[in-house]
Structures are given as C-alpha cells and as structure tokens.
Number of protein chains: 2
Amino acid sequence: MLDVPGEILEPLARSPVARDVAHRAGVSTATVSRVLNGSAGVRADKREAVMRAAQDLGFVANGAARALSTRRFMAVGAVVPNIENEAFVRVLSSFQERLRQAGYTLVAANAGYDLEDELREATFLLERGVDGLMLVGDIHHPDLHTRIARHGIPMVQTFSLSRERPCVGFDNAASAARAANYLVDLGHRRIGVISGLRKDNDRGGARVTGIAQALAARGLRLAPEHDIEISYGIGGGRDGFRQMLAGGPPPTAIICGTDQIAFGAMIEARARGLDVPGDLSVIGHNDSDFAPFLDPALTTIRIHSAEIGHAAGDHLIARMQGRPVVRLTQIDAELILRASTAPPRKQALD
Amino acid sequence: MLDVPGEILEPLARSPVARDVAHRAGVSTATVSRVLNGSAGVRADKREAVMRAAQDLGFVANGAARALSTRRFMAVGAVVPNIENEAFVRVLSSFQERLRQAGYTLVAANAGYDLEDELREATFLLERGVDGLMLVGDIHHPDLHTRIARHGIPMVQTFSLSRERPCVGFDNAASAARAANYLVDLGHRRIGVISGLRKDNDRGGARVTGIAQALAARGLRLAPEHDIEISYGIGGGRDGFRQMLAGGPPPTAIICGTDQIAFGAMIEARARGLDVPGDLSVIGHNDSDFAPFLDPALTTIRIHSAEIGHAAGDHLIARMQGRPVVRLTQIDAELILRASTAPPRKQALD
DNA sequence: TGGCTATCTGAAAGCGCTTTCAAAATAGTC
DNA sequence: GACTATTTTGAAAGCGCTTTCAGATAGCCA
C-alpha cells in the first residue's frame with residue numbers, strides 16, 4: 001500500500017431544513033410536511049410554492065428527525081452467517097429489491113457462523129432502530145428472541161423451516177434426502193457426505209440427517225467415516241474428500257454441502273486418478289454460476305435464493321405494515337441433474 | 001412456492017426510554033446519558049445505579065433520537081455496481097469490518113452499472129442521513145457530486161484512481177499493461193482482450209487502454225477483432241471467445257476482465273480443441289477463490305480487495321472524525337503467475 | 001468552622017420533523 | 001347577507017436523546 005500525498009480535504013455547510021422551505025414558500029412547517037408527505041388537504045397554489053421552494057433549496061428531509069417523529073426507521077436489518085457466500089448474497093440482493101420498492105433500506109451484517117457474534121450484530125442493528133429483522137436458520141442465541149421481542153419488531157427466519165417462528169425456507173432434510181434417493185436409485189450403495197461446519201447450523205445438520213434417514217429407509221447406512229465435516233470452500237472440499245479416502249473403502253457417490261465443496265472434492269478425486277462420474281458421483285448444493293461449467297457439469301440441489309429473499313421481504317413488509325401474514329412459507333429446492341452423477345461401475349458395487 | 005397456513009402474528013409493547021432508566025436509578029436523564037456514553041464526571045455509585053437500571057430494563061438507546069441530537073447518524077453508505085460480484089463483496093466486507101470497529105453501520109446499495117440508478121440509490125442513502133459515502137470508480141452522474149456536497153459529507157471512490165476526487169484504488173491501466181508485457185515477454189504477438197461492459201466503467205476501459213498502449217510500446221497492436229466486450233460471467237466469457245475466433249486468426253493469448261470471463265473463455269477454448277496454455281494463454285482479473293483450482297490453474301491479476309476496503313474505511317472514518325487525510329491511496333494489484341500462461345507454440349507465431 | 005475550589009448533577013433547551021387541535025378562510029344555504 | 005358546514009392552515013406539543021449552564025455537593029486549607 002502506498003499513500004500518495006495530496007491536498008488535504010475539508011468539510012461542511014448547513015443544509016436546508018423544513019423551516020427554510022416554509023419561509024421561502026410563505027407557509028408553516030406543518031404545511032411543508034404535509035406537502036412533502038403527500039397528505040391531502042393542501043391548496044394547489046401552496047402545494048406548488050412548497051414544491052418549488054424545496055426544489056430550489058435542494059431540501060432533503062432529515063431522516064433521523066423523521067424517524068424520531070414517526071417511530072419508524074424505514075430500515076430493516078439482516079444478519080447472515082457469511083456475507084461472501086453466494087447463496088446469502090443472492091438472498092440479500094432479492095430481499096433488498098423488495099424492501100427498496102417499499103421504501104425501506106436494508107442494513108446487512110455478518111455473523112460468521114457464531115451465535116455470540118450473531119447476537120452482537122443483531123443487537124447492533126436493533127440499537128440502530130431497524131423496523132424488522134431477517135435471520136438465517138432456526139438456531140440462535142437464547143437471548144436473541146427476547147431482545148427482538150423487547151423492541152417489538154417483526155423477525156423472519158430464512159433457509160430452513162421452523163416449528164415456532166416465522167420463516168421462509170425449504171426442508172433441508174427432505175431435499176438432501178431426495179438427492180440421496182436419486183443416488184440409491186442409480187445403484188449406489190456407499191454414499192458419503194461432506195458438509196460445512198454443522199455446529200449451530202441447522203441447515204447443514206438437517207441435510208446430513210435427511211441423507212442418513214433416506215439411506216436407512218433403503219436399508220443402507222451413512223458410515224461415520226463417510227460423514228465428513230469441514231470448513232467451507234474449495235480447499236475444504238479437497239481436504240474433506242482426502243479425509244474420506246483415508247477411512248477405508250471409498251464411497252461411490254458423495255453429496256456436498258455447497259458447490260464449492262463439491263468442486264474441491266472433484267479436484268481431489270481427479271488428482272487421485274478417480275473418474276467423475278465413473279468412479280465417483282458428486283452432488284452439490286446451491287447451483288452456483290459455475291456449476292454447469294465444471295467438467296463434468298455438476299449435479300446440484302438448486303436453492304431458489306431469489307424467491308426466498310422476495311418472500312422474506314414480502315413477509316416483513318406485510319408485518320411492518322400491520323397486515324396479517326402466514327407464519328411459514330415453503331419454497332422447495334430442486335435437484336438439477338447434470339453430468340457429475342451416474343450409476344456406479346459394476347466392480348465398485350461389492 | 002407454497003404458503004402453509006399458520007397462526008397469524010401480532011406485535012408490540014413500549015420499550016424503555018432514558019427517563020425510565022433515570023427514574024429507576026434515581027437520577028436525571030442527563031446523568032443517564034453521561035453514563036451510557038462513558039463521559040467522565042459521574043460519581044461511581046450513581047454510575048453503578050444507572051448501569052444496573054439500564055440492565056434491568058433492557059434499555060437500548062433510540063438511534064434516531066441520538067442521531068437527531070448529535071447530528072451524526074453513525075452510518076455510512078456504499079453504492080457498488082453489482083453486489084453479487086465477488087470483488088465488490090470482498091471490498092464491502094472489509095469496509096464494513098473497519099466501520100463496525102469504529103461504531104458505524106454500513107448501508108450498501110446496488111447500482112447495476114447504470115449512472116442514473118447509481119444516482120438514485122446514492123440519493124436514497126443521502127436522504128437516510130449517512131455520514132459518509134463510498135462509490136466505485138471515477139465515472140458518475142454529473143449531479144451526484146453536487147448532491148453529496150450539499151449534504152456536506154465525505155465521499156471516497158474505490159477501485160480506480162482519480163485525478164480530482166478522494167480515492168483508494170489501483171492503476172487499472174498499469175496493472176493490465178503489466179500483464180500484457182508479461183505475455184509479450186513470453187513471446188506472444190497476437191494478444192486479445194475480453195472485457196465486461198465498458199460503458200460508464202472506467203476500470204474496464206482503463207484496462208483495455210493500458211493493454212493497447214503496452215502493446216503499442218512493444219511494436220504490437222490490439223486488433224479490433226481481438227478486442228471483445230461482453231456482459232460479465234462465465235457465459236459471457238464463452239461468448240466472447242467464440243466471437244474472437246470468428247474474427248480471423250486467433251490470438252495466442254488473452255487477458256480477461258474477470259476470472260469468470262477467463263474461465264468461460266477456457267471452457268470455450270477447450271470445447272474447440274485448443275489447449276490452454278499450449279495454444280492459448282489466459283489471464284484473468286481478481287484472483288477469485290476458484291482461480292488456483294481451475295485446470296490449468298489461472299494466471300490472474302490479484303486485486304487486493306480487502307486492503308481497498310480497509311483503506312477506504314479508514315479514509316472515511318478519519319474524515320468523519322475531522323482528521324486530515326491523504327486524497328489518494330494507491331494499492332497495487334499483483335500479477336499472480338500460474339499454469340494458464342506459457343510461451344506460444346512455435347507454429348502459432350507467424 | 002468558614003471560605004473557596006473542584007466535582008457532580010439536574011433543569012431545560014434544543015435537534016428537525018410529524019401531527020393534533022383549534023382558529024381562519026372558504027364554500028354552501030336559505 | 002347571516003349563518004353553518006367544510007376546507008385549509010399554523011401554533012405548538014411532542015418524539016427521546018445530548019449538552020449547556022448554573023446550582024448543589026464535596027473537598028481542602030487556614
């Protein structure tokens with residue numbers, strides 16, 4: 001890093017307030033407020049005058065004053081585990097889209113898969129006065145809901161379903177189970193899982209559970225040495241698959257917690273001379289941009305992130321406006337079949 | 001999407017305010033404020049009492065009231081072209097990290113590579129009362145700077161250098177030129193470029209210019225048919241390279257605007273039976289997570305996004321606190337050599 | 001103990017907007 | 001033209017916090 005010396009910069013001037021506009025237009029601030037908020041009952045000529053005055057002065061209402069006065073901040077918060085994760089970014093993006101249309105601002109924060117941190121960030125947002133809050137998953141710090149309740153604002157959870165709380169998501173166990181069943185149908189018998197960290201992460205946990213149960217229902221089992229938990233990312237996927245190979249006879253198929261992990265596993269498999277899908281079928285999660293372009297193209301569980309974001313936005317907006325709303329919105333994930341899955345080779349089956 | 005009927009939810013209760021705390025602690029709101037803001041000059045026993053009362057009541061200061069009173073919102077805005085773009089997400093993430101430490105909240109918005117939209121989003125943030133603003137690049141709507149100035153808040157631009165305005169970035173032309181020179185040094189003579197959309201995008205434009213100039217300085221030229229502009233993404237890269245092949249003798253090396261584009265170009269090249277790097281050397285931009293894992297591993301220009309975000313954060317914080325600051329911070333990009341670049345085959349050189 | 005600082009503390013005045021309430025202006029009626 | 005029903009309007013009271021200013025307390029020294 002290199003700092004290039006340059007002119008030193010300085011600040012400020014007083015920006016116009018409602019009284020200035022009122023003066024210029026020859027009315028009271030009450031009327032200015034009425035005009036600017038579109039309330040009815042202002043004579044056309046005064047309305048005109050106010051509009052022009054505001055325009056001339058470049059008046060912009062002070063958000064804090066307005067918020068203080070109306071008791072609404074017109075902002076909603078969102079706390080996601082990892083703001084650099086594609087799926088969360090997509091949700092945030094679509095969530096924001098909706099909020100923006102309704103005049104709300106999105107304030108997002110990062111919790112890094114840690115309950116304490118999540119609580120801290122959420123509290124920070126609450127202090128800011130957000131009018132609503134979006135969270136990811138159904139596992140949170142025990143104090144979190146109390147604090148949210150104390151602020152009396154609506155909250156919605158995303159990505160997973162919840163028994164008690166408002167949520168927009170999908171059945172992680174069921175969709176992962178579907179992937180497992182698909183593999184079993186193809187003829188696979190030894191199926192492994194590489195997931196991200198599962199601590200305090202109901203999505204990851206549910207997926208593995210779903211797979212284990214699906215296998216059990218078909219008379220198979222998820223061997224402990226084929227149930228790997230690693231940190232996210234391509235590197236994690238490589239490590240995970242390496243670990244799996246170290247534990248006895250390799251699986252003929254694996255289901256991964258993200259497409260990045262799947263990508264990593266495929267790389268490691270290839271480095272070990274295994275053919276995908278010949279020797280190893282691979283399924284990812286999320287349907288990332290690159291998934292169709294991998295070689296072979298990656299079979300993956302597509303999560304409709306944009307729809308989740310939209311639905312979560314709609315839910316929160318409705319509640320903030322006092323409209324009734326259903327507690328649970330389910331948006332199903334979808335298994336996208338591509339070239340990384342195939343029946344196992346005969347000799348691998350014994 | 002499926003809506004499952006559920007209980008209908010409802011709201012509210014009054015949250016405690018400073019006066020409540022004052023009452024409970026037997027002091028005035030002035031003292032409460034002093035304690036909660038850590039101002040000196042409050043006797044220990046009263047301080048204790050206030051702390052406990054606040055704790056018991058679960059008091060959280062109303063952000064709007066505080067903002068109104070202090071004239072500082074403790075929030076800064078950021079408008080980026082595409083919130084789903086890896087490089088921008090990284091910058092936002094590190095930017096936020098710094099802000100958060102200093103007690104500021106980040107409010108981010110999406111402009112989608114459109115000047116009008118950028119103006120709209122920035123105005124929205126300005127209305128919100130942000131205390132500072134981060135933008136990307138040096139090309140903006142003519143009205144934007146006027147509006148920012150009217151609010152009297154500091155602004156910093158990122159990713160590119162600017163002649164007039166505060167900025168944290170790197171010399172896009174120079175770093176792209178370095179990549180071009182490297183290719184020429186390897187022996188390449190026909191070098192192509194696939195960039196993202198260049199309209200209103202000084203980064204993309206500068207990179208191409210830098211490459212063209214570097215080539216010119218070595219007695220070569222960037223042929224128009226080898227100068228391709230496409231929309232971002234892997235698909236864009238494929239299309240771009242296809243277009244390039246349609247335009248006469250193919251280049252022996254290409255420089256791409258992002259790693260995604262490079263990835264797409266590599267896929268297309270392989271689909272055409274070209275070997276990378278044997279028949280085609282490829283250089284990307286950004287050093288994405290997947291770059292080292294592509295086959296072959298991608299040579300790329302690493303942009304130190306995290307440092308840019310940190311520096312931009314530091315810059316804004318300093319100015320918001322009235323401290324002097326240098327106008328321009330340069331953070332150099334770096335050419336990361338991997339396996340996707342090599343000398344051209346002899347027969348390709350004529 | 002009295003007198004004089006040095007500390008602490010609370011009353012009160014904003015911050016800039018919205019909104020209520022009653023007065024002023026206008027319109028409508030007979 | 002007097003009188004009532006409507007609209008329009010502005011004065012003023014908050015919203016909940018910070019901060020100034022002056023008064024109350026405590027601390028010290030003679």
Side-chain angles (χ1 to χ4, degrees), chain A residues 12-50 53-54 57-75 103 126-131 150-152, chain B residues 12-51 53-54 57-75 103 126-129 131 150-152:
Chain A
L12 244 64
R14 190 179 79 87
S15 32
V17 299
R19 197 180 26 237
D20 300 330
V21 177
H23 253 147
R24 191 172 229 269
V27 300
S28 71
T29 61
T31 297
V32 170
S33 171
R34 280 191 272 259
V35 171
L36 267 27
N37 292 305
S39 337
V42 175
R43 230 170 42 211
D45 57 335
K46 302 230 170 190
R47 175 181 299 279
E48 271 288 290
V50 170
L57 261 35
F59 171 74
V60 177
N62 176 313
R66 170 174 286 162
L68 180 57
S69 187
T70 59
R71 283 74 191 307
R72 322 178 76 243
F73 225 84
M74 296 306 280
L126 253 17
E127 286 176 8
R128 261 29 200 128
V130 294
D131 299 317
R150 182 135 53 202
H151 279 258
Chain B
L12 241 67
R14 190 179 79 87
S15 33
V17 300
R19 195 174 32 232
D20 301 330
V21 177
H23 254 144
R24 192 171 229 271
V27 300
S28 70
T29 61
T31 297
V32 170
S33 171
R34 280 190 273 258
V35 171
L36 267 27
N37 292 306
S39 335
V42 176
R43 230 172 41 211
D45 56 334
K46 301 229 172 193
R47 174 180 302 278
E48 272 289 289
V50 170
M51 294 290 229
L57 262 34
F59 171 75
V60 177
N62 176 312
R66 170 176 286 161
L68 179 56
S69 186
T70 59
R71 280 77 186 306
R72 323 177 76 242
F73 226 84
M74 296 306 280
L126 253 19
E127 287 176 6
R128 256 39 197 122
D131 298 318
R150 181 136 52 203
H151 279 259

Between B:Thr31 and A:Leu68, who's closer to the 5' end of DNA chain D by nearest nucleotide?
A:Leu68

Nearest-Å distance for atom pair CD/P, residues A:Glu48 and D:dT8
15 Å

What distance separates A:Ser15 OG from B:His151 NE2, expressed to the nearest 0.5 Å?
6.5 Å

Quick one: A:Asn37 CG to C:dG16 C1', roughly how many Å, whole number?
13 Å

Could you tell me the separation between the CG atom of B:Asp45 and the C1' atom of D:dA26, rounded to a whole number of Å?
12 Å

Closest listed nucleotide, where the reference is the side chain of B:Arg43 and the choices are C:dC15, C:dC17, D:dA26:
D:dA26

I need the B:Lys46 NZ to B:Ser28 OG distance, nearest 0.5 Å.
8.0 Å

Quick check: do B:Val60 and A:Leu126 have side-chain heavy atoms less than 4.5 Å from each other?
no

Say you draw a straight line from CZ of A:Arg34 to CZ of A:Arg47; how long is it, rounded to the nearest 0.5 Å?
10.5 Å

Gap between atoms NE2 and P, on A:His151 and D:dG16 respectively (whole Å)
13 Å

Within the 4.0 Å heavy-atom criterion, would you say A:Val42 contacts the bases, only the backbone, or no part of the nucleic acid?
sugar-phosphate

Given that B:Thr29 and A:Ala65 both sit by DNA chain C, which one's nearest nucleotide is further toward the 5' end?
B:Thr29

Flag side-chain contact, heavy atom, 4.5 Å: B:Val17 against B:Asn62:
no

Comparing nearest nucleotides in DNA chain C, the 5'-proximal residue of the pair B:Gly26, A:Thr70 is B:Gly26

Is B:Asn62 close enough to D:dC15 that one of its side-chain N or O atoms is under 4.0 Å from OP1 or OP2 there?
no

Just the rounded figure in Å: distance from P of D:dC17 to CZ of B:Arg72.
19 Å

From NZ of B:Lys46 across to C1' of D:dT25 the rounded distance in Å is 10 Å

Please evaluate the base of C:dG14 for a donor-acceptor partner in the side chain of B:Ser69 within a cut-off of under 3.5 Å?
yes

Would you say the base of C:dG10 and the side-chain of B:Arg34 have a donor-acceptor pair closer than 3.5 Å?
yes

Measuring from the side chain of A:Ser33 (C-beta onward, heavy atoms only), which nucleotide among C:dC15, C:dT18, C:dT9 has the closest atom?
C:dT18

Could you check which of C:dG16, C:dT9, D:dG10 has an atom nearest any side-chain atom of A:Ala30?
D:dG10

Once you round it to whole Å, what is the distance between C1' of D:dG14 and CZ of B:Arg19?
11 Å

Out of D:dT18, C:dG16, C:dT19, minimum distance to the side chain of B:Arg71 belongs to C:dG16

Whole-Å gap separating C1' (C:dG16) and NE2 (A:His23)
15 Å

